[in-house]
Amino acid sequence: MEGGLFNPRTVEEVFGDFKGRRNGLIKALTTVEDFYRQCHPEKENLCLYGLPSEQWEVNLPAEEVPPELPEPALGINFARDSMQEKDWLSLVAVHSDAWLLAVAFYFGSRFGFDKADRKRLFNMINELPTVFEVVTGAAKKQQKEKSSVSNHSSNKSKSNSKPQGLESQEKYPKSQPEYEEEEVFDEESSTSRPPPPSPISQRRQGDSPGPSPRPPGPFPPRVTPEVVDLEDDSIPPIASIIEDFERCHLVPSIVGKYRGDVEFDEGMKALELLTLKTLSVARGLSLQGMDESHKMAGLVEAVGLRDKKLSDAEVARAQVLKERDDARLELRKAQDEIGIAKDEAKELKLELEQLKRDMESKIEGARVSAIEDFEKSEEMDRLKGEYTSGSYLRALKEA
């Protein structure tokens with residue numbers, strides 16, 4: 001094709017040639033009407049060419065073998081009506097990207113680019129979105145993601161640049177401290193006091209929901225438990241301690257509250273997991289429904305095209321049948337005319353034969369009558385006399 005008109009020799013010139021051809025291909029695949037019209041399936045094998053002048057053309061491949069430049073995908077017009085327009089354009093865009101890279105690195109190999117030049121050329125090309133990304137809209141999505149990431153990083157850097165005092169105030173806001181649910185050991189009884197009731201247990205028991213009560217003062221002093229020496233004989237055995245602990249009237253209530261809280265928390269966790277699973281299933285079903293709707297739309301479009309082709313075929317078939325019937329009628333008319341002509345020819349033949357017989361009989365009668373008249377005429381007598389005299393003289397001479 002036109003590739004021999006411009007031969008770039010440097011990395012910048014090859015990159016400029018790449019950009020020009022790429023922009024031409026993008027114009028072809030984004031202004032679809034003209035490109036769609038030129039790629040008619042009934043034409044021969046067609047190729048999409050991008051020109052260095054940022055133009056494009058749909059043309060036949062080069063006749064010379066091997067060609068001067070790498071050739072793009074052959075026969076892009078054949079699959080136009082058998083695929084959806086979006087899928088067909090995406091397929092042509094993918095092949096166009098491969099062709100652009102082939103042409104660029106063909107120039108690189110032809111003019112002896114070294115490793116550094118090839119790497120620089122690839123990096124320059126890789127900075128641009130591919131034709132496929134532009135046609136399918138993936139380039140815009142990537143640009144939005146990059147902008148959102150950059151905004152997030154800038155906001156994060158701004159938040160990291162705040163003074164340390166503000167950060168500490170944000171981490172630890174000025175509010176009264178929560179009361180920690182911890183066991184406070186009593187040195188005299190060696191039994192643990194139950195923690196204050198939690199909001200979950202209060203809701204479970206039917207109390208009105210609300211924030212947990214806060215003590216008016218600061219945290220109570222943490223009591224450090226005694227370190228028990230296991231080798232001390234003065235400590236009672238563990239079995240007796242457990243029996244005393246089970247006989248305590250506070251133990252059943254503490255165990256019941258703890259068990260209820262645990263069951264409630266487990267129920268809440270199970271409910272949250274069930275909710276998440278339900279949402280994920282619903283989202284999957286919605287996505288599946290969207291896919292099914294897209295597939296259904298594609299099937300409806302394909303069925304419509306098939307019905308249109310069938311209707312066109314039916315119209316063509318009716319036209320052919322009408323032409324066939326007309327031809328049969330004309331053939332019958334011709335056959336009838338031929339039969340009539342044959343009958344007329346037979347009658348004429350019979351008339352001619354009759355005329356011939358009549359003529360022959362007339363000629364025979366005329367000949368007979370002429371002979372009879374000649375025999376009766378005087379000329380016949382004279383001829384007879386001459387013949388007789390001549391015969392006599394001839395006999396005398398011979399004698």
Side-chain angles (χ1 to χ4, degrees), residues 1-81 83 85-114 116-143:
M1 298 304 297
E2 47 72 42
L5 299 180
F6 175 67
N7 288 329
R9 295 179 179 273
T10 64
V11 175
E12 287 74 14
E13 289 178 350
V14 172
F15 182 63
D17 180 85
F18 175 87
K19 286 200 300 184
R21 296 177 188 275
R22 172 181 171 274
N23 292 336
L25 294 173
I26 290 174
K27 287 180 183 178
L29 296 174
T30 51
T31 57
V32 184
E33 294 181 359
D34 192 13
F35 175 65
Y36 191 87
R37 179 180 55 80
Q38 295 188 27
C39 294
H40 199 279
E42 294 182 358
K43 296 182 180 180
E44 298 183 10
N45 295 320
L46 296 178
C47 301
L48 174 62
Y49 293 90
L51 309 182
S53 59
E54 298 189 1
Q55 301 299 321
W56 60 274
E57 66 175 357
V58 175
N59 209 335
L60 296 172
E63 295 181 357
E64 55 188 13
V65 177
E68 185 178 359
L69 279 179
E71 287 292 320
L74 182 65
I76 59 173
N77 53 317
F78 294 149
R80 190 195 72 175
D81 293 343
M83 300 175 63
E85 181 178 330
K86 180 178 68 175
D87 298 335
W88 177 65
L89 292 175
S90 301
L91 181 62
V92 177
V94 169
H95 285 289
S96 300
D97 285 322
W99 176 68
L100 288 173
L101 289 174
V103 172
F105 283 92
Y106 163 80
F107 285 130
S109 299
R110 181 175 178 183
F111 298 110
F113 287 1
D114 57 8
D117 291 337
R118 292 194 302 270
K119 185 176 181 181
R120 187 156 64 94
L121 175 61
F122 177 77
N123 290 333
M124 294 169 72
I125 292 174
N126 202 32
E127 289 297 323
L128 297 175
T130 62
V131 179
F132 175 77
E133 291 174 345
V134 174
V135 171
T136 57
K140 293 182 180 180
K141 294 180 182 179
Q142 293 178 1
Q143 188 66 26

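With values rounded to the nearest 0.5 angstrom, Y106 atom OH is found 7.5 Å from F111 atom CZ. One distance of note links CG of L51 with CG of N23; it measures 12.0 Å at 0.5 Å rounding.
No side-chain heavy atom of N59 sits under 4.5 Å from any side-chain heavy atom of L46. Between W99 and C47, every side-chain heavy-atom pair lies at or beyond the 4.5 Å cut-off. Within the 4.5 Å cutoff, no side-chain heavy atoms of I26 are placed close to those of W56. T130 places none of its side-chain heavy atoms less than 4.5 Å from the side chain of L100. With a 4.5 Å cut-off on side-chain heavy atoms, L89 and F35 count as touching. By the 4.5 Å heavy-atom criterion applied to side chains, T136 and S90 are counted as neighbours.
Looking at E71 and Y49, their side chains do bring a donor and an acceptor atom within 3.5 Å of each other. One side chain, Q38 or D34, offers a donor N or O that lies under 3.5 Å from an acceptor on the other.
Looking at every heavy atom in both residues, V14 comes nearest to A104 through CG1-O, 3.7 Å. Minimum heavy-atom separation, R9 to F113: O-CE1, 3.3 Å. Minimum interatomic distance between V134 and R22 (heavy atoms only, all atoms of both residues): CG2-NH2, 4.0 Å. G50 approaches L25 most closely through the heavy-atom pair N-CD2, 3.6 Å. When all heavy atoms of L29 and V32 are compared, the closest pair comes out as O-CG2, 3.7 Å. Nearest heavy-atom pair across F132 and A93 is CA-CB, 3.7 Å.
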Between L121 and F18, does a side chain to side chain contact (heavy atoms under 4.5 Å, CB included) hold up when you go through it step by step? CA-CA 10 Å; L121 175 61; F18 175 87; 6.0 Å; no
Decide yes or no on side chain to side chain contact (heavy atoms under 4.5 Å, CB included) for I76 and H95, but give the supporting numbers first. CA-CA 10 Å; I76 59 173; H95 285 289; over 6 Å; no
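Salt-bridge annotation for E42 and R80: absent, with no side-chain N of the basic residue lying under 4.0 Å from a carboxylate O of the acidic one.
Using cut-offs of 30° and 60° for the angle between ring planes, the W88 and Y36 rings count as perpendicular.
Taking a 6.0 Å sphere around NZ of K19, one finds it holds 12 or fewer heavy atoms contributed by other residues, nucleotides or ligands.
Using a distance-only test at 3.5 Å, with no hydrogens or angles considered, a donor-acceptor pair links the side chain of D97 to the main chain of V131.
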